[in-house]
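Reminder, nothing fancy here: chain letters follow the sequence lines and each chain counts from 1.
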Amino acid sequence: MALFPLLSPAEVGIKNTKHNLSVSGPGPVSAVTEKQICKFCHTPHNASPAVPLWNHLLTEEQNYINYWSPTLKSYPSQGAAPPVDGFSRLCLSCHDGTVALGALVNREEEIETVPDVLTESIPGYLGTDLSGGHPISIVFDAALANLRNTDPNIMHLNWPINDPDVRLYPAQNGFGVQCTCCHDPHGGKGGAEAPPFWRKTTYDEVCLVCHDVLSTIGH
Amino acid sequence: MKKSIGIFKARKKEEFIAGPVKQPAYTDTMTADPPVPVAAEKSHARHWLACALIAVLLSLILSLYPGPLYSTSLFESPHGDKSKVLKGCRSCHRGHGVLNTPMLAESKETFCFRCHGDSFTVQQTRSQGILSYSTETADISKEFLKPYRHPIEKTGIHRHDETLPETDAAAPRHAECSDCHHHHYVTSGNKAKGITGVTPQRALVETVQSEYELCFKCHSYSANLPADQTNKAELFNVGNPSYHPVIDRGKNSFVPSLIPPLNDTSIIQCSDCHNNDDPLGPRGPHASNNRYILTRNFSDLDGNENPYQYELCYGCHRRSSILGDESFRYHNLHITTAGASCRTCHNPHGSLFYSHLIDLDNLNIMPSDNGRLEFIDMGERAGECFLNCHNKDHDPAQYPVTLPVKEQKSRK
């Protein structure tokens with residue numbers, strides 16, 4: 001935090017975000033007695049997976065309903081979508097509503113939280129039907145960009161991705177799109193109009209990193 | 001000064017995208033050259049004079065290039081204009097949107113109607129800060145309540161890269177908004193911009209340049225064409241003896257009934273006949289209260305002649321000329337006296353066998369008593385018919401005959 005003296009306090013640190021699940025948290029979910037913040041997701045020893053020192057029980061859900069659209073190039077059909085992996089799997093371990101929020105790797109007993117699991121009524125709930133959201137765990141490389149950019153009737157992709165805030169994360173056997181591309185789980189810098197934990201100040205800026213919205217299509 | 005140069009440049013571009021300059025059609029059409037919107041012009045107007053001239057020269061040179069050149073971007077579409085659709089990507093998309101949509105804020109069936117729907121829904125969209133209060137939109141949703149319509153209510157099975165014309169006879173037919181209008185690239189000037197089209201030669205083109213290329217995607221060589229529909233590309237084929245001039249000017253140079261500015265070199269469009277029946281409503285072949293999504297009334301059954309009965313045809317073919325026998329000497333006899341519909345003898349699209357759109361493939365037309373069913377064109381205002389209608393044998397019925405026309409009419 002000392003490295004960012006010019007940032008307003010709200011932009012720095014997880015304490016004032018909804019991901020603060022301890023008793024001091026401001027969000028819709030908070031623990032009953034637990035005061036520590038980091039342990040809901042991280043632990044220094046015996047973490048699982050080791051990267052990023054993960055401490056929350058992973059979701060066992062395998063059958064997510066994946067995104068599909070007629071112009072998608074990453075996979076040929078809804079059933080052929082890659083399995084959700086990488087950081088997205090970590091996020092979904094709370095956000096798909098299948099695992100208790102206080103279920104940790106390094107504790108036998110769950111930490112009591114209210115509510116104990118995300119349900120539809122709570123903002124942030126995603127469930128296991130991801131068909132309306134951005135495709136995740138897809139590899140984004142020069143080959144994908146080329147596939148899209150040679151189609152004369154659909155919007156192009158930018159390549160390479162060189163943004164300081166929006167980056168690609170490990171996916172499948174390469175790098176690609178995960179939840180963390182658009183969302184910073186420790187706190188974003190989005191304004192009032194932007195989604196939560198947003199990596200940019202405005203909505204469109206994140207889209208425009210990868211999607212060449214103003215490009216000329218055709219030839 | 002700058003504005004006029006911008007318009008000049010844009011008109012060249014629209015022209016070379018839309019193809020050869022056509023005669024203005026009788027009604028407003030989907031791809032007519034409109035006055036270029038001022039908002040788009042402001043960005044063009046900022047170019048230097050030299051750049052504008054070079055662009056014009058380039059367009060002229062490129063227009064000689066035979067390939068299907070086109071380019072567009074979201075920036076050119078009103079959907080990408082942040083002064084109209086105020087919130088950019090967020091106006092339409094949500095990172096976690098409605099299930100089974102391409103990240104849309106609403107399900108596909110009602111999505112477009114947020115802006116192109118009824119006033120209550122549109123007001124909500126405006127108050128959410130998505131659509132500008134100074135941008136007007138037409139209510140397309142109420143069009144689809146009409147009895148004859150493109151059936152958008154069938155759930156969309158549109159695939160971006162679907163094979164068209166359809167080769168699978170069992171594939172279900174569908175019509176979605178995005179089958180004809182590209183959500184990102186639609187423009188006021190070309191409502192089908194960015195949508196692939198099918199040429200009369202059955203080739204797929206990257207973008208629709210003539211309106212019929214859009215319609216031919218589903219109404220030509222499709223393997224799943226319904227039994228009561230015909231292959232329109234076949235009927236409008238310029239190799240036929242006659243056809244309404246949609247693809248190219250017609251075969252007949254003597255058509256005295258045409259209402260100016262139409263003449264024998266005119267090119268017309270599908271949407272000149274297939275359009276909104278409400279002249280004040282939004283243009284386009286969305287739906288109509290008239291069968292076949294016709295813009296004006298047309299009765300294909302025999303009946304008493306009156307201007308409303310064949311209103312569609314009379315929109316381009318002057319009624320006084322037809323009934324005055326300026327072309328066919330016995331029009332009045334057949335239409336008024338015998339009460340025949342235009343459709344009884346003519347095909348509204350084209351004829352594979354005869355000139356003058358004569359189409360004898362009709363349950364009401366029987367072969368003549370000698371078993372012949374044929375029309376023979378013998379030149380201007382002359383011909384022979386071999387057929388039998390209402391037990392009136394034409395074997396052949398020849399025109400002109402030695403008797404003057406007036407005497408023929410008084411016979412019954």
- [ ] Would you tell me whether A:Glu205 and A:Thr202 have side-chain atoms, one donor and one acceptor, within less than 3.5 Å of each other?
- [x] yes
Task: Salt bridge flag under 4.0 Å for residues B:Lys193 and B:Glu76 - done: yes
Open item on the list: For A:Leu126, which atoms come within 4.5 Å of any heavy atom of chain B: side chain, backbone, both, or neither?
Closed with: side chain
Task: Residue pair B:Gln209 / B:Asn190, side-chain donor-acceptor N/O under 3.5 Å - done: no
TODO: Would you mind checking which part of A:Ser69 comes under 4.5 Å of any heavy atom in chain B, side chain (CB onward), backbone (N, CA, C, O), both or neither?
DONE: side chain
- [ ] Answer with yes or no after comparing the ring centroid distance for A:Phe197 and A:His19 against a 6.0 Å cut-off, counting only values under it.
- [x] yes
- [ ] Just give me the residue among B:His96, B:Arg94, B:Arg90 that pairs up with chain A most often, heavy atom to heavy atom, under 4.5 Å.
- [x] B:Arg90
- [ ] Sort A:Glu193 into side chain, backbone, both or neither according to what part of it lies under 4.5 angstrom from a heavy atom of chain B.
- [x] both
Open item on the list: Please identify, among B:Leu99, B:Val98, B:Thr101, the residue contributing the most non-hydrogen atom pairs under 4.5 Å to chain A.
Closed with: B:Leu99
- [ ] Could you tell me whether B:Asp179 and B:Lys217 have a side-chain N and a carboxylate O separated by less than 4.0 Å?
- [x] no
